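So the structure is just underneath, and the comments pick up after that.
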Amino acid sequence: MDLALLRTFVTVHRAGSFTRAAALLGLSQPAVTSQIRTLERQLGRPLFLRQARGVTPTTIGDELAHKAAPHLDALVEIAGTGLDDESSVRTLHLAGPPEFTAERALPSLTELTGDVGQGLALRASFGTAEEVLDGLAAGHHDLVVTTARPRGALLSATPLCDEEHVLVAAPSRAGPIDPEKIDPEKPSRHGGASALEDLPVVEVHESLPFVSRYWASVFDARPAASGAVIVPDLRAVLACVTAGAGLAVLPRYLCRTALDRGDVVELHRPPVPPLRTYVLVVRTGTLAMPHIARAHDWLLRAAADWC
């Protein structure tokens, strides 16, 4: 069986469309379609079901992808690094959200780099959960940190750590609010979070993802306020909150120093704080590659000290 055909097949399987696969492979869409049809004729079975938007693998297509993908990834790794011994420097392509990747993952993995490290070179990318998982499936990344669990069997996820979310504001904004009097059992408009509704909100998106998740979990309600400052980086959100722009919901690890210094204060401490779980995701089979497995295990060990 032609390895080029298998490579095109696995790319289509991961991308979910001939168009996206063609862009990833640097081929025309007709060329990709022709290669898939050739492979289907050789196997005597259809590999994909064509739909209005993209393609869906058949049972045979899924089985072939699960068997072929890990071996193709290993061949790509060999081609990229040569046949040197274990002393060769291997490059790990890591992707994840900017704040967690910068504050947690990268500082831990840098111990594996350099002359006194273990022969690992790092390349990092930031993006949304959808972006980094798509990039992983397409072969652009080796290891992804995300809060979204992937679907299907081509990507494999391992729980990494839990992230506690806290409701904070600058002391000047917390003025008349008594956190002890905020009742998490009551909905917002009946006294639960009403004391917070007049405060402006600082968030990463107009949909207020962090604040909305907190309100739903703690107050069983929707936030009444709209975003006063929208900036797509939690570190910038913290800076704006510290400057007095309003309240925000932030990961505790990110604002712990600001809390300790008194730059911001907790507006509420619910009995059960909202949590978000991070997972480490790889393409199934790639943990057989030593440099990916080493980074994967290293992050899991480091995460034990992050809680």
Side-chain angles (χ1 to χ4, degrees), residues 1-27 29 31-51 53-81 90-96 129-160 277-297 299-300:
M1 190 177 295
D2 190 336
L3 287 179
L5 297 183
L6 278 178
R7 178 171 178 260
T8 297
F9 161 72
V10 170
T11 304
V12 172
H13 191 279
R14 287 171 170 169
S17 82
F18 288 170
T19 301
R20 292 175 63 190
L24 292 170
L25 292 167
L27 300 173
Q29 183 175 336
V32 170
T33 301
S34 175
Q35 289 188 26
I36 295 300
R37 286 176 177 169
T38 299
L39 187 58
E40 288 177 329
R41 285 196 299 270
Q42 291 180 2
L43 296 173
R45 303 288 292 275
L47 297 172
F48 296 103
L49 300 176
R50 279 68 169 177
Q51 298 179 334
R53 293 185 176 180
V55 293
T56 300
T58 62
T59 301
I60 296 299
D62 270 335
E63 290 179 358
L64 179 60
H66 298 158
K67 292 178 180 179
H71 300 291
L72 283 170
D73 287 334
L75 288 173
V76 170
E77 173 70 8
I78 291 172
T81 59
R90 301 295 181 91
T91 300
L92 179 83
H93 295 270
L94 174 73
E130 181 180 4
E131 290 169 345
V132 297
L133 288 176
D134 284 349
L136 178 65
H140 299 318
H141 314 311
D142 300 315
L143 183 61
V144 157
V145 182
T146 180
T147 56
R149 284 187 172 273
R151 297 178 181 179
L154 281 182
L155 299 180
S156 177
T158 304
L160 179 62
T277 300
Y278 279 92
V279 292
L280 281 178
V281 189
V282 297
R283 291 187 301 281
T284 300
T286 57
L287 286 180
M289 300 178 186
H291 72 297
I292 298 179
R294 186 163 62 243
H296 188 275
D297 292 343
L299 283 176
L300 289 176

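As the structure is a prediction and not an experimental result, all values here were calculated from the model.
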Closest approach of [X] to [Y] (non-hydrogen atoms, all atoms of both residues):
| X | Y | result |
| --- | --- | --- |
| Ala293 | Leu287 | CB-O, 3.2 Å |
| Arg283 | Ala137 | CD-O, 4.2 Å |
| Gly96 | Val132 | N-CG1, 3.8 Å |
| Arg37 | Arg50 | CG-NH2, 4.3 Å |
| Arg14 | Ala69 | NH2-CB, 3.6 Å |
| Val279 | Ala148 | CG2-O, 4.1 Å |

Give, for atom [atom1] of [X] and atom [atom2] of [Y], the distance between the pair rounded to the nearest 0.5 Å.
| X | Y | atom1 | atom2 | value |
| --- | --- | --- | --- | --- |
| Thr286 | Leu155 | OG1 | CG | 9.0 Å |
| Ser34 | Gln29 | OG | CD | 12.5 Å |
| Ile60 | Leu47 | CD1 | CG | 8.5 Å |
| Thr59 | Leu64 | OG1 | CG | 12.5 Å |
| His296 | Thr158 | NE2 | OG1 | 3.5 Å |

Do [X] and [Y] have side chains that get closer than 4.5 Å, going by heavy atoms?
| X | Y | result |
| --- | --- | --- |
| Thr11 | Val32 | no |
| Leu160 | Leu300 | yes |
| Pro159 | Arg149 | yes |
| Gln35 | Val12 | no |
| Asp142 | Met289 | no |
| Leu143 | His93 | no |
| Leu280 | Val145 | yes |

With under 30° as parallel and over 60° as perpendicular, where do the rings of Phe18 and Phe48 fit, or are they tilted in between?
-> perpendicular
Closer than 3.5 angstrom, by distance alone: can the side chain of [X] be matched with the main-chain N or O of [Y] as a donor-acceptor pair?
| X | Y | value |
| --- | --- | --- |
| Arg90 | His291 | no |
| His13 | Phe9 | no |
| Thr146 | Ala129 | no |

Does atom CZ of Arg45 have more than 12 heavy-atom neighbours, drawn from other residues, nucleotides or ligands, at distances under 6.0 Å?
-> no
Determine whether more than 12 heavy atoms belonging to other residues, nucleotides or ligands lie under 6.0 Å from atom CD of Glu130.
-> no
Under the side chain to side chain donor-acceptor pair (under 3.5 Å) rule, what do Thr38 and Arg41 come out as? Steps first, then yes or no, please.
-> CA-CA 5 Å; Thr38 299; Arg41 285 196 299 270; 3.3 Å; yes
